[in-house]
Structures are given as C-alpha cells and as structure tokens.
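Values in this document were obtained by computation on a predicted structure and should not be read as measured data. When a ligand or atom number is given, it counts from 1 through the structure's own listing order.
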Amino acid sequence: MVNYDAIIIGAGACGLMCAAQAGLLGKKTLVLERNDKPGAKILISGGGRCNYTNLGTTIDNFVSENPKFLNAVFSQWSVDDTIQFFENFGGIKPQEKTLGQLFPTTNKAKDIVATFTKLVYETGQDLWLNTLVKGIQKVDEGYELSIERNGKEEKVKANKVVFASGGLPVHKLGASDFALRVARQFDMEIVQTAPALVPLTITGKDADWYASLSGNSVFARVYNDKISFEENILFTHWGLSGPAILQISSYWKAGETFTIDLLPKFKLEDVIKQERNDGGRRLVGQLLNDYFTKKMVDALGKFLPLDIKIASLSKVDAKLIIDTIHKFKVKPAGDKGYDKAEVMRGGISTTELNPKTLESKKNPGLYFGGEAVDITGWLGGYNFQWAWAAGFAIAQDI
Ligand SMILES: Cc1cc2nc3c(=O)[nH]c(=O)nc-3n(C[C@H](O)[C@H](O)[C@H](O)COP(=O)(O)OP(=O)(O)OC[C@H]3O[C@@H](n4cnc5c(N)ncnc54)[C@H](O)[C@@H]3O)c2cc1C
C-alpha cells in the first residue's frame with residue numbers, strides 16, 4: 001500500500017488543482033473520482049469553453065455568511081496566479097469576453113482539463129476513476145475510506161483527506177451530497193443549501209404573459225434591496241433565465257420579490273418629457289418601439305395604454321408607464337432545481353475551517369474546498385477562481 005500524503009475525493013476543479021499543486025511540491029496524493037473521466041463539470045463549463053477566472057475578482061463577488069473568509073485564501077492564490085498557471089503548464093492564453101470573464105483563446109474547456117491531467121501524471125499522483133467514496137471513519141492513524149472501485153468494495157487509508165467532491169448541482173456530472181454527509185458525521189455546521197445561478201419559474205396568473213415572450217431577451221437591471229446586476233434577461237415558456245436572472249437567483253429566496261428595470265440606460269421620465277416638448281403626437285406604443293421589440297411592446301400592452309398619444313397622457317398613466325418599465329416587479333414561484341443550477345449556495349460553514357489551510361478545526365486532517373463550502377461565486381468565472389485557490393491552499397498544508 002502506497003503511503004499517500006493525502007487522499008483527495010473528487011477530480012473536479014478543486015481536487016485537480018490540489019493534486020497538481022501537491023505534485024509540484026513533491027508530495028504524493030491519490031485522487032478518487034466516481035466518474036469515468038476527470039473534470040466533467042469543467043468540460044461543459046461556459047458552454048464547453050470554460051470561463052476559468054474573472055479579472056475583477058474580489059470577495060464582493062461571492063455569496064457566503066462570511067465572504068471575508070476568502071481573504072486568506074485569495075492572498076495565497078490570485079487571478080494572476082490562475083492566468084500564469086494555465087499559461088505555464090497548459091500553454092493557455094486568456095481572452096476576455098465580457099465583464100472581465102476569461103476563457104482560453106482556443107475556446108476549449110478540454111485544454112484546461114488536459115493541463116491538469118498532464119501535471120497530475122507527470123508529478124506521479126495516482127488518479128483512480130470509476131471510484132465512488134461511500135464512507136469515512138476515523139481510525140488510530142488518520143482516516144479510512146470505504147470505496148467502490150470498478151464495482152468492488154475496498155478500503156484505503158491516509159492521514160489527511162481532502163473533500164473536493166463539489167456540491168449538489170447536476171446529478172449526471174457526478175454531483176453528490178457526500179461532503180455534506182461527512183460534515184454532519186463529524187459534527188460540522190452546515191449553512192442551508194439551495195440551487196444558485198439557477199433559472200426562476202413563474203406560475204399563476206402571470207405565467208401566460210411570460211410564456212408569450214418566450215425566446216425574447218432584454219438588457220435589464222435586476223435588483224433587490226441587497227444587490228443589482230445589469231445584464232440580459234431571457235423570457236422562457238416557464239419563467240425567466242439569462243445572466244442577470246441567474247445572478248439574482250443567488251440572492252433570492254422563495255416568497256421574495258425582486259425588481260427589473262427594463263430600460264436601465266435611459267430615464268423614461270426624461271424621454272416622455274422630451275417627446276411632449278416635441279409635440280407629443282406619437283402614441284405610447286410607438287415611443288416604446290424605439291426601445292423594445294414589437295413582441296415586447298405588444299406584451300407590455302397588457303399593463304400599459306399603448307394607444308394614447310403622449311401629449312394626452314395623464315400624470316397617473318405616465319407614472320404607470322415609468323414604474324412598469326423601470327420597476328417591474330417579479331415574484332417567482334420557485335427555481336428550476338439542482339439539475340439546472342450552475343452552483344450550490346450554502347454548504348459547510350466557513351466557521352468550521354481554518355481560513356488559511358481549509359482544514360477542519362474540529363477534525364485535524366480533514367480538508368474542505370470548492371463548492372462544498374459556503375462560498376458561492378457570481379456567474380463569470382468566480383466559482384472556478386475559488387476552486388483553484390482552495391485547491392492551492394490545501395495543497396500547501398497536506
Ligand atoms: C453547466 C455549468 C457551467 C458552469 N460554468 C462555469 C464557468 O464557466 N465558470 C465558473 O467559474 N464556474 C462554472 N460552473 C461552476 C463550476 O463548475 C463549479 O463551481 C466547480 O466545478 C466546483 O468545483 P469543485 O471541485 O468544488 O466541484 P466539481 O468540479 O463538481 O468536482 C467534484 C467532483 O467530485 C466527484 N465526486 C463527488 N462525490 C464523489 C464521491 N462520493 N466519490 C468520488 N467522487 C465524487 C464528482 O464526480 C466531481 O467530479 C459551471 C457549472 C455548471 C453546472
């Protein structure tokens with residue numbers, strides 16, 4: 001039996017970085033992965049192109065009960081470190097698409113995974129695929145894992161175990177609640193989990209209105225009392241999707257309302273005033289056609305008097321138009337669930353972990369990184385930046 005410095009559970013973003021960095025430090029790890037290939041989620045990320053970091057990453061781009069926890073990890077591994085790492089070891093040059101989001105210039109997520117597999121094998125790490133970790137027990141010297149490898153039950157032991165087994169989203173990519181179960185077993189606090197970066201559903205009397213706009217996308221500002229995002233929203237036959245909706249979903253809870261400014265770059269009050277100064281001969285619908293598709297304007301006709309001349313608009317009607325466009329209230333019925341979510345919100349409480357090493361305070365030798373922890377990034381490469389940084393930090397300590 002090989003004497004490993006650590007066993008890493010999960011060959012995803014955090015686990016692969018951890019193994020690669022451990023290898024570069026001359027350590028020996030065993031990575032256990034239930035899938036038949038490493039990096040399943042990386043491969044499909046960013047539509048197969050992998051948005052692997054974000055130039056603007058700060059702790060403000062993360063949802064957590066304690067985002068400041070990230071300072072100690074991000075001071076060890078920065079966005080520049082991510083860029084340099086993939087350039088040096090994978091020959092990957094970054095290209096910025098939008099809002100600081102970096103992708104490989106080749107647009108191929110598989111180049112990111114290949115960078116890791118090359119390093120993992122070249123530095124002599126062991127990677128067992130088709131290996132499900134089913135349980136863990138504390139033993140005199142470290143921990144014993146019960147695994148099912150290629151259909152056979154086995155036990156493996158190590159002094160240190162890294163939980164890089166991810167969160168609950170997307171079952172078919174290997175998602176599991178394993179880290180959460182283990183945290184409960186070892187008496188660690190868990191922040192309530194929920195799907196995040198997830199489309200939201202609309203039911204009830206407004207459902208048909210949203211469905212009638214299915215396929216329409218609008219640049220909007222979506223906000224609540226905590227946060228605001230300016231990106232596209234997409235109407236679908238079951239509700240709302242698109243980047244701005246995914247972003248706000250991480251700050252939304254069932255029963256809450258948020259607001260959409262459908263015309264964030266303009267002030268409709270001023271637009272109407274100008275139109276009145278110009279004679280106000282056009283109809284409300286004609287004015288709105290300057291800013292929205294015909295389908296959208298027709299749909300807005302459910303709420304607004306489209307056939308009134310701007311010159312004849314009452315104060316009340318003008319206010320109705322301005323409020324509907326700039327303060328469109330949305331009360332989703334729910335979300336599309338873990339299989340449509342990009343990440344999990346909540347997870348193992350940061351209060352349980354040493355902020356520098358990500359080792360459990362109560363259970364020396366157990367480490368937790370990536371999505372399993374109560375650190376959830378915005379859409380835009382932040383989740384990978386956290387996963388890489390966590391993998392690096394853990395590798396220093398194992
Ligand atoms: C569709 C989609 C697109 C995304 N695009 C982006 C993007 O472009 N940019 C970005 O920053 N983030 C993106 N994300 C989020 C990002 O993929 C995750 O935040 C990140 O992969 C989390 O890394 P992790 O290592 O914690 O978990 P994962 O990468 O999910 O890895 C966990 C691994 O552990 C394995 N595992 C789980 N349980 C066990 C067990 N019991 N035994 C053995 N193995 C186990 C799993 O099979 C998996 O391979 C996307 C997510 C999705 C779903």
ask   = Should Pro38 be listed as contacting ligand 1, given a heavy-atom distance under 4.0 Å as the test?
value = no
Closest non-hydrogen atom pair, Asp187 against Glu352 = O-OE2, 4.2 Å
Close-contact set for ligand 1 against Phe178 heavy atoms, below 4.0 Å = 41 (N)
query = Can you tell me the protein heavy atom closest to atom 9 (N) of ligand 1 and the distance?
reply = Asn51 O, 2.9 Å
key: ring-ring contact (aromatic ring centres under 6.0 Å, His included), paired with Phe163, selected from Phe186, Tyr367, Phe368, Tyr143   = Phe368
inquiry  = Under a 3.5 Å threshold, yes or no: a donor from one side chain and an acceptor from the other, between Thr106 and Asp111?
reply    = yes
Residue, atom name and distance, where the atom is the protein heavy atom closest to atom 37 (C) of ligand 1 = Ser165 O, 3.2 Å
request  = Give the ring-plane orientation class for Phe85 versus Phe89, where under 30° counts as parallel, over 60° as perpendicular and anything between as tilted.
outcome  = tilted
ask   = Hey, are Lys265 and Glu230 close enough for a salt bridge, meaning a charged N less than 4.0 Å from a carboxylate O?
value = yes
task = For ligand 1, note which part of Thr53 has a heavy atom under 4.0 Å away: side chain, backbone, both or neither.
result = neither
task = Around atom 6 (C) of ligand 1, find the nearest protein heavy atom and jot down its residue, atom name and distance.
result = Ser45 CB, 3.6 Å
query = So is Pro169 in contact with ligand 1, going by heavy-atom distances below 4.0 Å?
reply = no
Region of Phe384 engaging ligand 1 - heavy atom pairs below 4.0 Å = both
Proximity winner for atom 43 (C) of ligand 1, if only heavy atoms of Ile8, Thr131, Asn383 are counted = Thr131
ask   = For ligand 1, which atoms, with element, lie under 4.0 Å from some heavy atom of Ala341?
value = 53 (C)
request  = Look only at interatomic distance and state if Cys14 has a nitrogen or oxygen under 3.5 Å from any nitrogen or oxygen of ligand 1.
outcome  = yes
request  = Identify, for atom 22 (C) of ligand 1, the protein heavy atom at the shortest distance, and state residue, atom and that distance.
outcome  = Glu371 OE1, 3.4 Å
query = Any idea which atoms of ligand 1 are less than 4.0 Å away from a heavy-atom of Val170?
reply = 53 (C)
key: Ion pair check, Asp126 and Lys28, cut-off under 4.0 Å   = yes
query = Any sub-3.5 Å donor-acceptor pair from Thr29's side-chain atoms to Gln125's backbone N or O?
reply = no
Heavy-atom proximity to atom 14 (N) of ligand 1, best of Met344, Glu342, Glu33 = Glu342
inquiry  = Tell me the protein heavy atom at minimum distance from atom 45 (C) of ligand 1, and give that distance in Å.
reply    = Arg34 CD, 3.7 Å
remark   = So the atoms of ligand 1 within less than 4.0 Å of a heavy atom of Ala13 turn out to be 23 (O), 25 (O), 29 (O)
inquiry  = Testing the basics here: between Ser241 and Leu246, what is the closest heavy-atom pair and its distance to 0.1 Å?
reply    = OG-CD2, 4.2 Å
ask   = Any heavy atom of Leu379 sitting closer than 4.0 Å to ligand 1?
value = no
task = For atom 46 (C) of ligand 1, state which one of Gly174, Ala196, Cys18 supplies the nearest heavy atom.
result = Gly174
key: Note, Leu353 side chain near Phe69 side chain (heavy atom, < 4.5 Å)   = yes
query = Judged by non-hydrogen atoms, does Ala164 sit under 4.0 Å from ligand 1?
reply = yes
key: Close N or O approach (Ile44, ligand 1; < 3.5 Å)   = no
Backbone or side-chain N or O of Ala175 under 3.5 Å from ligand 1 N or O = no
remark   = Residues Asn51 and Gly381: closest non-hydrogen pair is OD1-N, 2.9 Å
inquiry  = Can you name the atoms of ligand 1, numbered from 1 with element, that are less than 4.0 Å from a heavy atom of Ser176?
reply    = 37 (C), 38 (N), 39 (C)
note = Under 4.0 Å between heavy atoms, the region of Leu32 that gets near ligand 1 turns out to be backbone
Any donor-acceptor pair under 3.5 Å from Asn224 side chain to Thr257 backbone = no
ask   = Looking only at distance, does Asn35 have an N or O less than 3.5 Å from an N or O of ligand 1?
value = yes
message = Quick test: of every protein heavy atom, which one is nearest to atom 27 (O) of ligand 1, and how far off is it to 0.1 Å?
response = Gly166 CA, 3.4 Å
inquiry  = Quick test: of every protein heavy atom, which one is nearest to atom 28 (P) of ligand 1, and how far off is it to 0.1 Å?
reply    = Gly12 CA, 4.0 Å
remark   = Nearest non-hydrogen protein atom to atom 41 (N) of ligand 1, with distance, is Val133 O, 3.0 Å
task = Could you tell me whether Gly10 and ligand 1 have an N or O pair separated by under 3.5 Å?
result = no
inquiry  = Under 4.0 Å, heavy-atom basis, I'd like to know which part of Val343 is in contact with ligand 1: side chain, backbone, both or neither.
reply    = side chain
ask   = Which atoms of ligand 1 are found less than 4.0 Å from any heavy atom of Leu132?
value = 40 (C), 41 (N), 42 (N)
ask   = Taking only heavy atoms of Leu173, which atoms of ligand 1 are found under 4.0 Å from at least one of them?
value = 47 (O)
query = Going through the checks in order, is the salt bridge (charged side-chain N to carboxylate O under 4.0 Å, His left out) test met by Glu371 and Lys41?
reply = CA-CA 12 Å; Glu371 208 173 316; Lys41 233 182 227 180; 3.7 Å; yes
message = So, 4.0 Å and heavy atoms of Ile147: is ligand 1 close enough to count as a contact?
response = no
query = Which of the numbered atoms in ligand 1 are below 4.0 angstrom from a heavy atom of Gly370?
reply = 26 (O)
message = Closer than 3.5 angstrom, by distance alone: can the side chain of Asn54 be matched with the main-chain N or O of Gly380 as a donor-acceptor pair?
response = yes
inquiry  = Please check this pair: side chain of Asn61 against backbone of Thr58, looking for a donor-acceptor N/O pair closer than 3.5 Å.
reply    = yes
task = Take the angle between the ring planes of Phe86 and Trp388 and call it parallel below 30°, perpendicular above 60°, tilted in between.
result = perpendicular
query = Is there a nitrogen or oxygen of Ile9 sitting under 3.5 Å from a nitrogen or oxygen of ligand 1?
reply = no
request  = For the pair Lys134 and Glu153, evaluate salt bridge (charged side-chain N to carboxylate O under 4.0 Å, His left out) and give the outcome as yes or no after the intermediate values.
outcome  = CA-CA 9 Å; Lys134 295 169 99 174; Glu153 306 281 339; 3.0 Å; yes
key: Test side-chain contact (heavy atoms from CB on, under 4.5 Å) applied to Gln274 and Asp270, Val271, Asp278, the passing residue   = Asp278
Full working for salt bridge (charged side-chain N to carboxylate O under 4.0 Å, His left out) between Arg282 and Glu275 = CA-CA 8 Å; Arg282 290 203 298 167; Glu275 191 81 7; 2.7 Å; yes
request  = Please determine, by modelled atom types, if Glu148 and Thr131 share a side-chain donor-acceptor pair under 3.5 angstrom.
outcome  = no
